[in-house]
Amino acid sequence: MRIGKSFNQGLFFTFPSLCVSRQIKQSFFHTKVCLIEKLQKCNHLISLYLTHTNILKSGFLNDTFTANHLINCYVRLQETLKAHKVFYEMLDPNVVSYTSLMTGYINMGQPQTSLFIFKEMFGSSVLPNEFTFATVINACSMLADLKTGTKIHAQVEVFGLECNLVVCSSLVDMYGKCNDVNGAKGVFDRMSCRNIVSWTSMIVAYAQNAQGDEALRMFREFNYLLRDRPNQFMLSSVVNACASLGRLVSGKVTHGAVIRCGHDSNYVVANALVDMYAKCGCVTYSNKVFQTISHPCVIAYTSMIVGAAKYGLGRLALELFEEMIQRRLKPSDVTFVGVLHACSHSGLVDEGLGYLKSMPGKYGIMPDAKHYTCVVDMLGRTGRLDEAYQLAKYIQVDPKADALLWGTLLSASRLHGRVDIAVEASKQLIESNQQVAGAYVTLSNTYALAGEWENAHSLRSEMKRTGIHKEPGCSWVEIKNETYVFYAGDALCERGSEVVSLLRELELKMKERGYVGGNRGLVFVDVEDEAKEEIVSLHSERQALAFGLVSIPKGITIRIMKNLRMCSDCHEAFKLISDIVERDFVVRDVNRFHHFKNGSCTCGDFW
DNA sequence: AGTCGTTACA
């Protein structure tokens with residue numbers, strides 16, 4: 001009876017309310033679905049504000065699911081601060097709320113804030129999942145923060161996510177970006193399953209850490225093991241690996257794979273090809289690929305500008321820049337590095353200074369350390385060492401950029417025999433504990449150049465005494481499938497004599513055509529346009545480097561084999577050089593000096 | 001139900 005009554009009462013009272021509640025719930029659900037649909041479709045801020053207001057009015061802001069959608073929408077429209085405000089006012093943020101906001105800050109280029117939110121999350125009761133880890137690992141990659149990355153890797157294991165494909169792929173990428181190739185390989189090897197993304201990450205890790213050969217090996221292994229078609233991501237990475245190796249043949253083979261896989265119209269792949277051909281010494285091919293791009297973007301133009309700049313085709317680089325501006329493309333900070341580089345390598349100092357000046361006002365880009373370093377280089381190359389030195393002193397940069405800046409000034413001082421500035425620049429490098437061996441060697445060479453043999457010698461002795469060792473420089477040239485590496489001061493390579501005799505022929509031809517060498521760049525004086533092209537095709541920068549460039553006082557540069565054994569072969573070398581330069585000069589390599597004076601040669605070791 | 005990862009230019 002009591003039960004029945006209570007049952008009846010219950011039935012009587014709850015039935016209508018159930019009805020109402022269901023109706024309300026249905027209408028609530030309907031409203032919610034509508035609002036979320038609106039958020040998913042929303043592509044404009046104005047309509048998003050309207051939907052946000054409606055969500056606020058209907059009380060759905062307190063619903064975590066709806067609020068997450070709202071955060072996502074703001075993140076998608078790059079309004080991360082608004083997303084953060086929604087997040088801040090949430091009653092019950094969950095793992096999705098945190099992860100979405102972290103992604104927002106990463107998209108904004110603020111990985112540091114993303115890390116901060118991750119740390120806050122750890123202080124709350126919300127636990128991270130695989131999505132959170134993938135995101136926060138990406139933040140570490142962007143910051144190249146190995147310390148935090150390694151800590152997070154440990155947490156990944158604590159949370160039992162060491163088998164997650166996405167998390168592990170991002171770990172491989174993170175270790176790669178932090179220059180820890182072994183870390184990357186360790187994660188890659190331990191993965192229980194891998195996909196094309198994990199393979200691509202590993203290839204990129206090798207390519208970005210000067211192990212292009214390993215990258216190419218991985219690519220071959222991928223093709224062999226998985227028999228999967230490489231996608232545009234993998235192909236652009238492999239093209240980049242070829243570029244980093246300067247290996248034209250592999251680059252062409254990869255280009256073939258790109259065409260076969262139908263990715264030649266992908267703009268990233270095309271940009272990578274433009275860059276690769278430029279780095280492998282084929283600007284003509286770069287241009288061919290560039291012409292196939294229907295709407296070249298800033299990056300494609302930048303690659304072309306940089307490529308042209310490297311070949312001493314400064315005017316071409318500037319024409320490309322102007323063409324780009326006419327097409328209403330906004331140059332990036334990197335574009336200006338290319339432009340300034342072009343001016344620097346072609347002696348267009350006034351133009352270069354003009355572009356530097358125009359950057360903030362006309363293009364809205366503040367020049368930073370890398371631009372100023374180009375300008376120091378530009379001034380230094382043309383002998384305006386005092387201005388270059390003043391500029392270098394004026395710029396304040398971080399230690400890493402600092403080494404580049406003072407290193408540039410040091411090279412320029414050596415080129416122009418300015419011992420005073422070379423001493424200052426070396427001091428800066430040695431004090432900051434960067435490029436110490438290189439600084440010693442260059443300073444010693446500058447002394448030698450100025451005839452201060454005592455100083456040159458004592459510096460070398462000091463290096464020997466303190467055990468500072470300079471890795472010998474090397475150059476290489478790729479002929480067919482073989483790569484020939486030349487080390488400074490090394491014995492002649494196989495077929496070395498053939499190379500030397502070819503070089504002699506070239507020197508003679510170049511002399512006939514009125515070639516006057518500049519420092520490293522290809523500078524032409526009174527040469528017809530047609531001849532310029534021929535010379536450029538004969539002597540790409542890569543080839544020139546392989547033959548070795550030896551600078552002579554007052555900016556005259558001649559080419560001899562870097563690995564020519566000067567002491568035993570100095571008579572030969574002397575003949576070669578005296579054909580071109582009719583004056584006294586000094587040839588230096590890593591260990592020895594060769595002083596040619598009045599037709600005779602004195603050789604000596606620095607040691 | 002919603003969240004995540006790989007690529008290019010100095």
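A, B, ... follow the sequence lines: proteins, then strands. Residue 1 opens every chain.
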Rounding to an integer number of Å, can you tell me how far A:Lys330 NZ sits from B:dC9 P?
20 Å

Side chain of A:Phe65 only, heavy atoms from C-beta on: which candidate in B:dT6, B:dG2, B:dA8 is closest?
B:dG2

Sequence neighbours left out, cut at 3.5 Å: what donor-acceptor pairs do the side chains of residues 110-121 of chain A make with other protein atoms?
{"unit_1": "A:Gln110", "atom_1": "OE1", "unit_2": "A:Thr113", "atom_2": "OG1", "d": "3.1"}
{"unit_1": "A:Ser114", "atom_1": "OG", "unit_2": "A:Met102", "atom_2": "O", "d": "3.2"}

Nearest of B:dC9, B:dT3, B:dT7 to any side-chain atom of A:Val334?
B:dC9

Results of salt bridge (Lys or Arg N to Asp or Glu O under 4.0 Å) for A:Asp189 - residues two or more places apart only
A:Lys185

Hey, what do you get for CD1 (A:Ile106) to CG (A:Leu101), rounding to the nearest 0.5 Å?
10.5 Å

Side-chain atoms of residues 257-273 of chain A: list all donor-acceptor pairs with protein atoms under 3.5 Å, sequence neighbours left out, distances to 0.1 Å.
{"unit_1": "A:Asn266", "atom_1": "OD1", "unit_2": "A:Val268", "atom_2": "N", "d": "2.9"}
{"unit_1": "A:Asn266", "atom_1": "OD1", "unit_2": "A:Val269", "atom_2": "N", "d": "2.9"}
{"unit_1": "A:Asn271", "atom_1": "ND2", "unit_2": "A:Tyr267", "atom_2": "O", "d": "3.2"}

Polar contact flag, side-chain donor to acceptor under 3.5 angstrom, A:Thr135-A:Thr132:
no

Sorted by chain and residue number, the ring pair (Phe, Tyr, Trp, His ring centres under 6.0 Å) partners of A:Trp199 (sequence neighbours excluded) come out as A:Phe188, A:Phe222

Please tell me which of the listed nucleotides, B:dC9, B:dT3, B:dG2, lies nearest to the side chain of A:Phe131?
B:dT3

Just how far, in rounded Å, is P of B:dT7 from CG of A:Asp275?
16 Å

Looking only at the side chain of A:Asn72 (C-beta and beyond, no hydrogens), which of the listed nucleotides B:dT3, B:dT6, B:dA10 gets closest?
B:dT3

Can you name the residues that form a salt bridge (Lys or Arg N to Asp or Glu O under 4.0 Å) with A:Glu221, not counting sequence neighbours?
A:Arg217

With respect to the side chain of A:Ile299, which nucleotide from B:dC9, B:dA10, B:dT7 is positioned closest?
B:dC9

Has A:Asn240 got a side-chain N or O lying under 4.0 Å from the OP1 or OP2 atom of B:dA8?
yes

Less than 4.0 Å between a side-chain N and a carboxylate O, is that true for A:Glu351 and A:Arg315?
yes

Whole-Å distance separating the CE atom of A:Met324 from the P atom of B:dC9
16 Å

Looking for any heavy atom pair under 4.0 Å, which part of the strands does A:Val306 touch: base, sugar-phosphate only, or nothing?
sugar-phosphate

Would you compute the distance between atom CG of A:Asn240 and atom CG of A:Leu235 and round it to the nearest 0.5 angstrom?
12.5 Å

Return the minimal non-hydrogen interatomic distance between A:Cys242 and A:Thr254, and the atom names on each side.
SG-OG1, 3.5 Å

By a strict heavy-atom criterion of less than 4.0 Å, which residues belonging to residues 369-377 of chain A are in contact with DNA chain B?
A:Lys370

Near-strand residues of residues 205-216 of chain A, defined as heavy-atom separation under 4.0 angstrom from DNA chain B
A:Gln208

Identify which nucleotide among B:dC9, B:dC4, B:dT6 has an atom closest to any side-chain atom of A:Asn138, counting heavy atoms from C-beta outward.
B:dT6

Enumerate donor-acceptor pairs with a distance under 3.5 Å from any side-chain N or O in residues 369-377 of chain A to protein atoms, sequence neighbours excluded.
{"unit_1": "A:Lys370", "atom_1": "NZ", "unit_2": "A:Asp333", "atom_2": "OD2", "d": "3.1"}
{"unit_1": "A:Lys370", "atom_1": "NZ", "unit_2": "A:Asp368", "atom_2": "OD2", "d": "2.8"}
{"unit_1": "A:His371", "atom_1": "ND1", "unit_2": "A:Asp368", "atom_2": "N", "d": "3.0"}
{"unit_1": "A:His371", "atom_1": "ND1", "unit_2": "A:Asp368", "atom_2": "OD1", "d": "3.2"}
{"unit_1": "A:His371", "atom_1": "NE2", "unit_2": "A:Asp333", "atom_2": "O", "d": "2.8"}
{"unit_1": "A:Thr373", "atom_1": "OG1", "unit_2": "A:Ala369", "atom_2": "O", "d": "2.7"}
{"unit_1": "A:Asp377", "atom_1": "OD1", "unit_2": "A:Arg381", "atom_2": "NE", "d": "3.2"}
{"unit_1": "A:Asp377", "atom_1": "OD2", "unit_2": "A:Ser344", "atom_2": "OG", "d": "2.8"}
{"unit_1": "A:Asp377", "atom_1": "OD2", "unit_2": "A:Arg381", "atom_2": "NE", "d": "3.0"}

For A:His84 and A:Tyr105, I'd like to know if the aromatic rings sit close, meaning centre-to-centre distance below 6.0 Å.
yes

Round to the nearest Å and state the distance from A:Ile203 atom CD1 to B:dT6 atom P.
15 Å

Considering just the side-chain nitrogens and oxygens of A:Asn266, establish if one lies under 4.0 Å of OP1 or OP2 belonging to B:dA8.
no

Between B:dG5, B:dG2, B:dT7, which nucleotide has the shortest distance from any of its atoms to the side chain of A:Ala134?
B:dG5

Starting at NE2 of A:His345 and ending at C1' of B:dA10, how long is that distance when rounded to a whole Å?
11 Å

Specify the separation, in whole Å, of atom CG of A:Leu329 and atom P of B:dC9.
18 Å

Near DNA chain B, which residues from residues 160-193 of chain A have a heavy atom under 4.0 Å away?
A:Val166, A:Ser169, A:Asp173, A:Lys177

Which of residues 80-114 of chain A have a heavy atom under 4.0 Å from DNA chain B?
A:Asn94, A:Val96, A:Thr103

Report the distance from atom CZ of A:Phe222 to atom P of B:dT6, rounded to the nearest whole Å.
17 Å

Write out all pairs satisfying ring pair (Phe, Tyr, Trp, His ring centres under 6.0 Å) with one or both partners inside residues 137-168 of chain A, taking only residues at least two apart or from two chains.
A:Phe133-A:Phe159, A:His153-A:Tyr175

Between B:dC4, B:dG5, B:dA10, which nucleotide gets closest to the side-chain atoms of A:Val337?
B:dA10

Within the structure provided, determine whether A:Val86 and A:His52 are in side-chain contact (heavy-atom separation under 4.5 Å).
yes

What contact category does A:Asn195 fall into here, base, sugar-phosphate, or nothing, at under 4.0 angstrom with non-hydrogen atoms?
base

From CZ of A:Phe219 over to C1' of B:dT7, roughly how many Å is that when rounded to an integer?
14 Å

Using side-chain contact (heavy atoms from CB on, under 4.5 Å) as the criterion, list what pairs up with A:Ser286, not counting sequence neighbours.
A:Val274, A:Tyr277, A:Ala278, A:Met304

